[in-house]
Amino acid sequence: MTRRQLDAVSDLLLNSPLDLGGDVEKMRRVFDEMLGGAPLPADVRTRTTELGGVPAVEVRAGAAEPTGRTVLYFHGGAYAIGSAAASVGLASEIARRTAADTFSVDYRLAPEHPFPAAVDDALAAYRALLDRGVPAGSVAVTGESAGGGLALALLLAIRDAGLPQPTSATVLSPWTDLTQSGSTMTTRADEDPALTRRALETRAADYLAGADPRTPLASPLHADLRGLPPLLIQAGGREVLLDDALRLAVRAARADVPVTLQTFPGAPHVFQGFAPAVDEAAQALDHVAAFINSLINSHVQQEG
């Protein structure tokens, strides 16, 4: 059943009107309509807010009582499309499973706001949480696709700024290498229903605006990862970005960062977004929640 569900998701993505490398204004509308069109479950509650001057959507789901956990979430869209509002579906699935107060950040997008605007916004949002009195030990960072790369860049920026790190980061199908040098850019090219090298090259050029694609805050794969908190990396076996995840796990391990890598055969890019309909996606998010909660709970116990 699960493989048939994953195949159905791949067919849906393959036949969608979204072309990640297409006209940016048109694709923003298409992307938001695709992700924001489905009704949210009745237990999902949202409100618009801001963190350090950066717009965000606060998401809660399930248990009404606050737990003290906070998830800082970064949406995908190759740094050029996507929005906090459109990401509420996936963010709410994480919020429900973690019982965390989740903030989806509306970081600035390229080409209007190229690198490092997104990183600056991510760091401003994190600083704002700390300034509100949210302990770093109760925060987990999460992101998908480009948002996964941004989550990693945020950890590097936090380290370089001398701020306390969150307890963990979870990255789903992360885009970590804007040089597109991973081997699966070629070996998975005929299998990936969502991404192409051409589209990623187009959006990388928009985001970088002439910056070196190996710059660590743009391509965390090329960074010194020492000192980062535990990482959970998930990727599908049917995506061109698979090698971005595999190489990230190796580099993290070599930098003595605790890292867990989970791959899902037959799964397309960010398949976790289909958790209500795909068993393996729901199971993947159960792993995410267990990882986030165990580390926050462990930190709270140590502090207590």
Side-chain angles (χ1 to χ4, degrees), residues 12-13 16-41 44-61 70-96 100-126 128-129 141-154 170-175 194-195 199-200 202-204 206-207 269-276 285:
L12 178 66
L13 293 171
S16 80
L18 181 65
D19 172 10
L20 193 66
D23 176 78
V24 70
E25 290 296 338
K26 180 179 179 181
M27 289 305 110
R28 285 173 181 170
R29 293 192 297 270
V30 169
F31 193 83
D32 284 357
E33 288 170 2
M34 284 177 58
L35 296 188
L40 294 171
V44 175
R45 303 172 300 285
T46 66
R47 73 179 184 94
T48 57
T49 185
E50 59 86 24
L51 292 171
V54 181
V57 176
E58 185 177 6
V59 184
R60 292 183 178 178
T70 300
V71 170
L72 193 61
Y73 184 89
F74 299 99
H75 67 80
Y79 297 109
I81 63 177
S83 66
S87 73
V88 164
L90 180 49
S92 70
E93 292 292 335
I94 295 172
R96 179 181 298 106
D101 196 6
T102 299
F103 293 90
S104 182
V105 179
D106 244 336
Y107 56 90
R108 287 171 291 172
L109 300 177
E112 299 93 331
H113 305 285
F115 173 79
V119 182
D120 292 343
D121 287 354
L123 184 59
Y126 184 73
L129 287 178
V141 173
T142 306
E144 38 100 358
S145 193
L150 181 56
L152 295 165
L154 171 60
T170 299
V171 291
L172 314 178
S173 298
W175 190 21
L195 301 178
L200 291 171
T202 297
R203 298 284 85 102
D206 286 344
Y207 181 56
H269 186 64
V270 195
F271 69 99
Q272 298 91 337
F274 296 89
L285 291 183

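Only a predicted model underlies this, so the values are computations on that prediction, with no experimental measurement involved. For this chain, numbers begin at 1 and follow the sequence in order.
Of the options Met27, Lys26, Arg28, a side-chain contact (heavy atoms from CB on, under 4.5 Å) to Val24 is made by Arg28 and by none of the others. Put simply, the residue from Leu35, Val59, Val270 that forms a side-chain contact (heavy atoms from CB on, under 4.5 Å) with Leu90 is Val270.
The minimum heavy-atom distance linking Ala84 with Val57 is given by the pair CB-CG2, 3.8 Å. Between Val30 and Pro17, the shortest heavy-atom contact is CG1-CG, 3.8 Å. Taking all atoms of both residues into account, the shortest heavy-atom contact from Ala110 to Asp206 is CB-O, 3.6 Å. Of all the heavy atoms in Ser92 and Ala61, the pair that sits closest is O-CB, 3.7 Å. Contact detail for Ala80 and Leu109: the closest heavy-atom pair is O-CD1, 3.5 Å. Between Val105 and Ala125, the closest heavy-atom pair is CG2-CB, 4.2 Å.
To the nearest 0.5 angstrom, Phe74 atom CZ is 11.0 Å from Ser87 atom OG. To the nearest 0.5 Å, the span separating CG on Leu129 from CZ on Phe103 amounts to 6.0 Å. To the nearest 0.5 Å, atom CG of residue Leu72 and atom OG1 of residue Thr142 are 8.5 Å apart. Taken from CD1 in Ile81 to CZ in Arg29, the straight-line distance is 12.0 Å, to the nearest 0.5 Å. For the atom pair Thr49 OG1 and Asp106 CG, the distance stands at 11.5 Å (nearest 0.5 Å). The distance from atom CZ of Arg203 to atom CH2 of Trp175, rounded to the nearest 0.5 Å, is 9.0 Å.
Side chain of Tyr73 to backbone of Thr102: no donor-acceptor contact under 3.5 angstrom is found. In this structure, the side chain of Asp121 does not engage the main chain of Val54 through any donor-acceptor pair within 3.5 Å. Judged purely by atom type and a 3.5 angstrom limit, Glu144 has no side-chain atom pairing as donor or acceptor with the backbone of Leu172. Using a distance-only test at 3.5 Å, with no hydrogens or angles considered, no donor-acceptor pair links the side chain of Tyr79 to the main chain of Pro114. Under the 3.5 Å distance criterion, the side-chain polar atoms of Glu50 are matched with a main-chain donor or acceptor of Gly53.
His269 and Ser145 share a side-chain donor-acceptor pair at under 3.5 Å.
Partners of Phe271 according to the ring pair (Phe, Tyr, Trp, His ring centres under 6.0 Å) rule, which considers only residues two or more places apart in sequence or in another chain, are Phe264. Take Tyr207 and apply the side-chain hydrogen bond (donor to acceptor under 3.5 Å, both in side chains) test, not counting sequence neighbours, and it matches no residue.
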Is there a side-chain contact (heavy atoms from CB on, under 4.5 Å) between Leu13 and Phe274? Walk through the geometry before answering. CA-CA 11 Å; Leu13 293 171; Phe274 296 89; 4.2 Å; yes
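Contacts classified as salt bridge (Lys or Arg N to Asp or Glu O under 4.0 Å) and involving residues 75-93 (residues at least two apart or in different chains) are given here: Glu93-Arg96, Glu93-Arg97.
Taking 4.5 Å as the limit, every side-chain heavy atom of Thr170 sits out of range of all side-chain heavy atoms of Val141. Side-chain contact check for Asp101 versus Val71: every heavy-atom pair is 4.5 Å or farther apart.
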